[in-house]
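Below, chain A is the first sequence line, B the second, and so on; all start at residue 1.
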Number of protein chains: 2
Amino acid sequence: MTHPKRRGRRPAGEDTKAALLSAARAVFTEQGFDGATVRTIASRAEVDPAMVNHWFGGKQGLFAAAIQLPVDPEQIRMTVHNSPPEEIAERVLRTFISVWDDSSGGGFAALMRSAATQESAAKLLREFIATTFGTRLRELGVDHPDLRVTLFGSQLSGLGLVRYVLRQEPLASADVDTLVATIGRTLQRYLTGDLGLGGE
Amino acid sequence: MTHPKRRGRRPAGEDTKAALLSAARAVFTEQGFDGATVRTIASRAEVDPAMVNHWFGGKQGLFAAAIQLPVDPEQIRMTVHNSPPEEIAERVLRTFISVWDDSSGGGFAALMRSAATQESAAKLLREFIATTFGTRLRELGVDHPDLRVTLFGSQLSGLGLVRYVLRQEPLASADVDTLVATIGRTLQRYLTGDLGLGGE
DNA sequence: GTCTATACAACGATAGAC
DNA sequence: GTCTATCGTTGTATAGAC
């Protein structure tokens, strides 16, 4: 018995890379950036820990390659694009909540844990929000589109924060309709409503 | 001059504890929980690293003892208590923004970095929001006071997140009046306005 | 009780052998 | 391309000096 894990040596690099990426996504999601260890990821991928450095330049690089949004970007983009202006907020909110609730907020909490520390995660989040919603708002021709996008992002991420990270009741267990009535209305105002800025 | 660094041994335990607490606050604020090291904190306090274990039971315990809100709780409590109901949101928002902006958001970002990972930080934040605003709302006799509090918290923390952690423009550089007009109005609705829940 | 000194296992990372 | 050996650093535990 030479090796209970692997016999000789591994054939190709693509397998190793893919296995590491997949394991990294799982472990980073469960433990966050600092909580995850290179050794854990490598062992789950059945690969030598040194491969992380070899293929991704280190833990940081592996994280940047593995990090992904806690929603399907294309699904959101389609929802945003195909909804009549006055329904965008409600539809997007329902989509986010159903996805986040399904994973017990694990995906969102993981991204949040990392966004606070890792610039790569913060950048991903910034750019997703800016492009997805910014494009649609410019199409609609509303005033202050960029400000609206960030206001929208602030309320949406704040909801995720209180509901999935802080887990503060009763918002943590509120049903979707309650959230749509309260927060959905806010989001819709940020997108297409009167901001109260006087000008324009 | 008896001790520029430290000659023989330290006089009392209270000095050591206080020095560690003070150094811990600084280092945790700058680096977050995971970024800070026990050795760095101890060296800044001019104390042996083992004292962290002796006095606080470990890094975790030191953090729990050192963590504090990124605002003066008493100042907020007074603002909340002395404002007429329809002005609470604006006044509180102005207070938070001025304090956070003064420290370049360092205090908020630090708490956020830790709140995502450390249960003790999350708890601190939860309880501060719940007691400070919950008490006042019950006084005012509005419906769904607890839900209102968490809605309020979600928008306020979301603002902090986008403005100080993600640093997304134009919200990151928006002036106070813009924030009051846009987000202040949301906060006020969450506190005393119509939530749109139908009942009552 | 208060503190110093030292030891330890686990971490991220690297150099170089195969 | 892959892996072993090893480095410096981390959090923590322990022994013992005063």
Side-chain angles (χ1 to χ4, degrees), chain A residues 1-24 27-28 30-67 113-114 117-120, chain B residues 2-24 27-28 30-67 113-114 117-121:
Chain A
M1 170 149 344
T2 47
H3 209 220
K5 272 277 166 62
R6 199 142 295 287
R7 253 228 328 275
R9 131 185 318 254
R10 237 165 187 260
E14 286 309 313
D15 285 6
T16 304
K17 268 176 90 167
L20 273 175
L21 270 179
S22 162
V27 178
F28 280 134
E30 290 165 16
Q31 328 248 22
F33 180 80
D34 294 295
T37 75
V38 172
R39 286 165 162 89
T40 304
I41 295 172
S43 114
R44 190 177 302 198
E46 298 190 348
V47 149
D48 192 278
M51 293 296 92
V52 169
N53 263 55
H54 188 254
W55 288 106
F56 299 97
K59 187 186 183 182
Q60 185 68 237
L62 176 58
F63 176 82
I67 188 68
R113 256 195 294 274
S114 312
T117 315
Q118 297 297 315
E119 177 54 25
S120 45
Chain B
T2 46
H3 67 263
K5 256 283 161 56
R6 199 134 311 280
R7 249 235 320 278
R9 114 183 337 249
R10 248 171 170 247
E14 288 308 312
D15 285 7
T16 303
K17 270 175 87 167
L20 272 175
L21 271 178
S22 161
V27 178
F28 280 134
E30 290 164 15
Q31 327 247 26
F33 181 80
D34 293 297
T37 75
V38 170
R39 286 168 163 88
T40 304
I41 295 172
S43 115
R44 191 179 301 199
E46 299 187 349
V47 146
D48 192 279
M51 293 294 93
V52 170
N53 264 46
H54 190 251
W55 289 106
F56 299 96
K59 185 186 185 182
Q60 184 68 234
L62 176 58
F63 177 81
I67 189 69
R113 257 194 294 275
S114 312
T117 315
Q118 296 300 313
E119 176 54 26
S120 46

| field | Divergence of helical axes at both termini of the helix from C/dG1-D/dC18 to C/dC18-D/dG1 - five pairs an end, 10° steps | value | 10°
| remark: Taken to the nearest whole Å, CZ/B/Phe63 to C1'/D/dT10 is 18 Å
| query | Think A/Thr16 has a side-chain N or O under 4.0 angstrom from the OP1 or OP2 of D/dT2? | reply | yes
| field | Rounded distance [0.5 Å steps], CG in A/Leu21 versus OG1 in A/Thr16 | value | 11.0 Å
| How would you list, by chain and number, every residue that makes a side chain to side chain donor-acceptor pair (under 3.5 Å) with A/Thr37, sequence neighbours excluded? | A/Thr40
| query | Between C/dA5 atom C1' and B/His54 atom NE2, what is the distance in whole Å? | reply | 15 Å
| task | Check the angle between the aromatic planes of B/Phe28 and B/Phe33 and answer parallel, tilted or perpendicular using the 30° and 60° thresholds. | result | parallel
| message | Measure CD/A/Gln60 against C1'/C/dT14 and give the value in whole Å, please. | response | 17 Å
| So how far is it from B/Glu119 CD to B/Gln60 CD, rounded to the nearest 0.5 Å? | 10.0 Å
| message | Starting the side chain at C-beta, find the nucleotide from D/dG11, D/dT4, D/dT2 nearest to B/Thr37. | response | D/dG11
| Whole-Å distance separating the CG atom of B/Asp15 from the C1' atom of C/dC3 | 13 Å
| field | For atom CG of B/Asp34 and atom C1' of D/dT10, their distance in whole Å | value | 12 Å
| query | Can you tell me how far C1' of C/dT2 sits from CD of B/Glu46, to the nearest Å? | reply | 18 Å
| query | A/Asn53 CG to D/dC7 C1': how many Å, rounded? | reply | 13 Å
| query | How far does CD1 of A/Ile41 sit from CD of A/Gln31, to the nearest 0.5 angstrom? | reply | 9.0 Å
| message | If you only use heavy atoms from C-beta on, which nucleotide in C/dC11, D/dG1, C/dA5 is closest to the side chain of A/Trp55? | response | D/dG1
| said: What's A/Ala42 touching, base or sugar-phosphate or nothing? Going by heavy atoms closer than 4.0 Å. | reply: nothing
| Roughly how far, to the nearest 0.5 Å, is the CH2 atom of B/Trp55 from the CG atom of B/Leu20? | 10.0 Å
| Side chain of B/Lys59, backbone of B/Ala36: donor and acceptor closer than 3.5 Å? | yes
| Where each residue is assigned the nucleotide of DNA chain D containing its nearest heavy atom, which of B/Arg39 and A/Met51 is assigned the position nearer the 5′ end? | A/Met51
| task | Whole angstrom is fine here: how far is it from CG in B/Asp48 over to C1' in D/dG11? | result | 14 Å
